[in-house]
Student: 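My questions will all concern the structure given below.
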Amino acid sequence: MQLDDVVSSTISGPRVEEAMWRSLRWLDRCIAAHSRPSEQSLFPIVQGGLDEKLREQSVKEIIKRDCPGYAIGGLSGGEDKDHFWRMVTLSTEYLPNNKPRYLMGVGFAIDLVICSALGCDMFDCVFPTRTARFGCALVDSGQLNLNKQIYEKDHRVIDEKCICPVCKSGYTRSYLNTIVTKETTACHLLTIHNVAYQMRLMSRIRQAIIEERFPEFIKEFVAIYFQDKDIPVWITNSLKSVNIEL
């Protein structure tokens with residue numbers, strides 16, 4: 001990744017513009033210093049905060065450099081979801097379709113699904129490993145807080161559809177309930193499961209796209225994720241923007 005000047009996504013004004021131009025100058029210095037282009041891909045990072053004009057300007061400047069892939073930065077830092085998805089869409093609208101587009105710092109399962117629909121290919125986030133340390137396991141319906149009393153006598157594995165070593169080895173929710181937040185082993189086990197879950201989710205998204213049934217996959221995933229809860233307006237609106245009606 002290029003070195004960039006990161007500012008909070010919740011601020012506006014001259015500091016955001018300053019960071020955008022500085023990041024572009026640093027990008028050119030990174031390109032000049034990049035001595036192994038055949039071994040490493042250098043990704044520029046789109047900045048501009050929540051300012052549509054600045055973000056559009058950032059994207060247009062960056063694609064002039066014709067790099068192997070592009071990252072979308074400066075988001076997922078506390079801004080509201082309506083601004084979030086609109087800035088993601090604005091970025092992907094201008095970035096080339098034939099090169100990977102990497103959305104930085106995004107890791108909630110529902111965000112991975114929605115942002116894949118908005119045109120992103122790659123993601124990274126500390127969420128699956130961090131939430132493991134608090135005793136939470138990721139599943140399609142959200143997450144299981146294995147600290148809770150309801151799991152004391154639950155002898156099922158975390159997810160019966162999961163093929164990770166933790167679920168395949170038969171570690172039960174009741175066993176994990178006794179060690180989460182107490183023993184390091186629990187952190188290791190839940191980290192393995194959570195990372196495997198994220199990878200499997202992305203694999204399922206990719207396969208659904210290849211098989212041209214991604215809209216159906218999204219509808220099914222959203223239904224399981226929210227169950228009897230109201231679907232947030234930002235999700236409905238973001239999917240409408242790519243012609244997917246829930």
Side-chain angles (χ1 to χ4, degrees), residues 1-37 40-128 130 232-244:
M1 306 307 300
Q2 75 153 102
L3 180 65
D4 63 338
D5 183 7
V6 183
V7 296
S8 169
S9 60
T10 58
I11 71 168
S12 57
R15 179 67 183 93
V16 180
E17 184 172 8
E18 176 190 47
M20 184 203 76
W21 287 114
R22 179 177 287 128
S23 294
L24 282 168
R25 293 194 299 273
W26 285 354
L27 169 60
D28 288 333
R29 290 169 67 180
C30 287
I31 291 171
H34 189 35
S35 60
R36 296 190 292 135
Q40 286 185 335
S41 293
L42 176 64
F43 278 39
I45 303 173
V46 177
Q47 293 290 354
L50 303 181
D51 186 309
E52 291 185 12
K53 290 182 180 178
L54 287 179
R55 190 162 283 271
E56 181 179 333
Q57 194 169 18
S58 176
V59 176
K60 288 181 176 179
E61 286 293 330
I62 277 173
I63 59 180
K64 291 177 185 176
R65 275 69 175 179
D66 192 28
C67 292
Y70 302 91
I72 301 167
L75 297 173
S76 198
E79 75 280 1
D80 66 77
K81 286 291 193 178
D82 192 61
H83 279 111
F84 166 76
W85 81 261
R86 293 180 191 279
M87 292 302 103
V88 170
T89 297
L90 188 152
S91 303
T92 56
E93 278 179 357
Y94 289 99
L95 291 172
N97 287 326
N98 64 335
K99 294 186 178 180
R101 296 179 284 193
Y102 160 37
L103 181 56
M104 305 181 74
V106 170
F108 294 155
I110 191 66
D111 292 356
L112 298 178
V113 172
I114 300 302
C115 292
S116 293
L118 297 180
C120 298
D121 305 299
M122 301 165 62
F123 306 87
D124 83 297
C125 192
V126 300
F127 173 67
R130 183 177 59 198
V233 174
W234 77 269
I235 289 178
T236 305
N237 289 342
S238 62
L239 291 175
K240 276 184 180 178
S241 74
V242 288
N243 301 315
I244 299 174

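Note that these values count all heavy atoms, side chains included, but never hydrogens, waters or copies made by symmetry. For the single chain, residues carry numbers from 1 onward in sequence order.
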Student: Does a side-chain N-to-carboxylate-O contact under 4.0 Å join Arg15 and Asp5?
Tutor: yes
Student: Measuring from atom CG of Asp82 to atom CD1 of Ile235, what distance do you get when rounded to the nearest 0.5 angstrom?
Tutor: 12.0 Å
Student: Check this for me: does any side-chain nitrogen of one of Lys53 and Glu56 sit under 4.0 Å from a carboxylate oxygen of the other?
Tutor: no
Student: What distance separates Ile31 CD1 from Trp26 CH2, expressed to the nearest 0.5 Å?
Tutor: 15.0 Å
Student: What is the minimum heavy-atom distance between Leu75 and Gly49, and which atoms define it?
Tutor: CD2-O, 4.4 Å
Student: Determine whether the side chains of Asp4 and Gln47 contain a donor N or O and an acceptor N or O closer than 3.5 Å.
Tutor: yes
Student: Are the side chain of His34 and the backbone of Gln40 linked by a donor-acceptor contact shorter than 3.5 Å?
Tutor: yes
Student: Looking at Glu18, I'd like to know if its CD atom is crowded, meaning that more than 12 non-hydrogen atoms belonging to other residues, nucleotides or ligands lie closer than 6.0 Å.
Tutor: yes
Student: Would you indicate whether the side-chain heavy atoms of Tyr70 and Pro100 approach each other to under 4.5 Å?
Tutor: no
Student: Is there a side chain to side chain contact (heavy atoms under 4.5 Å, CB included) between Tyr102 and Asp121 once you walk through the steps?
Tutor: CA-CA 6 Å; Tyr102 160 37; Asp121 305 299; over 6 Å; no
Student: Has Arg101 got a side-chain atom pairing as donor or acceptor with Gly119's backbone, closer than 3.5 angstrom?
Tutor: yes
Student: Does any non-hydrogen side-chain atom of Thr92 lie less than 4.5 Å from one of Cys115?
Tutor: no
Student: Drop me the distance from Asp28's CG to Ser23's OG, to the nearest 0.5 angstrom.
Tutor: 11.5 Å
Student: With rounding to the nearest 0.5 Å, note down the distance linking SG in Cys120 to CD1 in Ile114.
Tutor: 11.5 Å
Student: What's the separation between atom CG in Leu118 and atom CZ in Phe84, rounded to the nearest 0.5 Å?
Tutor: 8.0 Å
Student: Minimum heavy-atom separation for Pro68 to Leu42, with atom names?
Tutor: CD-O, 3.3 Å
Student: Side chain to side chain contact (heavy atoms under 4.5 Å, CB included) for Lys81 and Asn237? Distances and angles first, verdict last.
Tutor: CA-CA 11 Å; Lys81 286 291 193 178; Asn237 289 342; over 6 Å; no
Student: Quick check: are there more than 12 heavy atoms from other residues, nucleotides or ligands sitting under 6.0 Å from CZ of Arg29?
Tutor: no
Student: Can you tell me if Gln2 uses its side chain to pair, donor with acceptor, with the backbone of Ile45 under 3.5 Å?
Tutor: yes
Student: Taking Asp124 for its side chain and Gly105 for its backbone only, find out whether a donor-acceptor pair lies under 3.5 Å.
Tutor: yes
Student: I want to check something: taking the side chain as every heavy atom from C-beta on, are Ser12 and Leu50 in contact at a cut-off of under 4.5 Å?
Tutor: no
Student: Can you name the nearest heavy-atom pair linking Gly69 to Pro44, along with the distance?
Tutor: O-CD, 3.1 Å
Student: Testing the basics here: between Ser91 and Met87, what is the closest heavy-atom pair and its distance to 0.1 Å?
Tutor: OG-O, 2.8 Å
Student: If we only count heavy atoms from C-beta on, is the Phe43 to Met122 side-chain gap below 4.5 Å?
Tutor: yes
Student: Just do the side chain to side chain contact (heavy atoms under 4.5 Å, CB included) check on Leu95 and Lys99 with the steps written out, would you?
Tutor: CA-CA 8 Å; Leu95 291 172; Lys99 294 186 178 180; over 6 Å; no
Student: Any sub-3.5 Å donor-acceptor pair from Ser58's side-chain atoms to Met20's backbone N or O?
Tutor: no
Student: Could you go through the side chain to side chain contact (heavy atoms under 4.5 Å, CB included) check for Cys125 and Asp111 one step at a time?
Tutor: CA-CA 11 Å; Cys125 192; Asp111 292 356; over 6 Å; no
Student: Would you indicate whether the side-chain heavy atoms of Ser241 and Trp85 approach each other to under 4.5 Å?
Tutor: yes
Student: So which heavy atom on Ala71 is nearest to which on Met1, and how close?
Tutor: CB-CE, 3.4 Å
Student: Mind checking the CZ-OG spacing from Phe108 to Ser76? Nearest 0.5 Å is all I need.
Tutor: 7.0 Å
Student: Are Arg65 and Ile62 packed together at the side-chain level, in the sense that at least one heavy-atom pair is separated by less than 4.5 angstrom?
Tutor: no
Student: Specify the closest pair of heavy atoms between Val88 and Ile72, including all atoms of both residues, with the distance to one decimal.
Tutor: O-CD1, 4.4 Å
Student: Within the distance-only criterion (no hydrogens, no angle test), does the side chain of Glu79 pair as donor or acceptor with the backbone N or O of Gly77 below 3.5 angstrom?
Tutor: yes
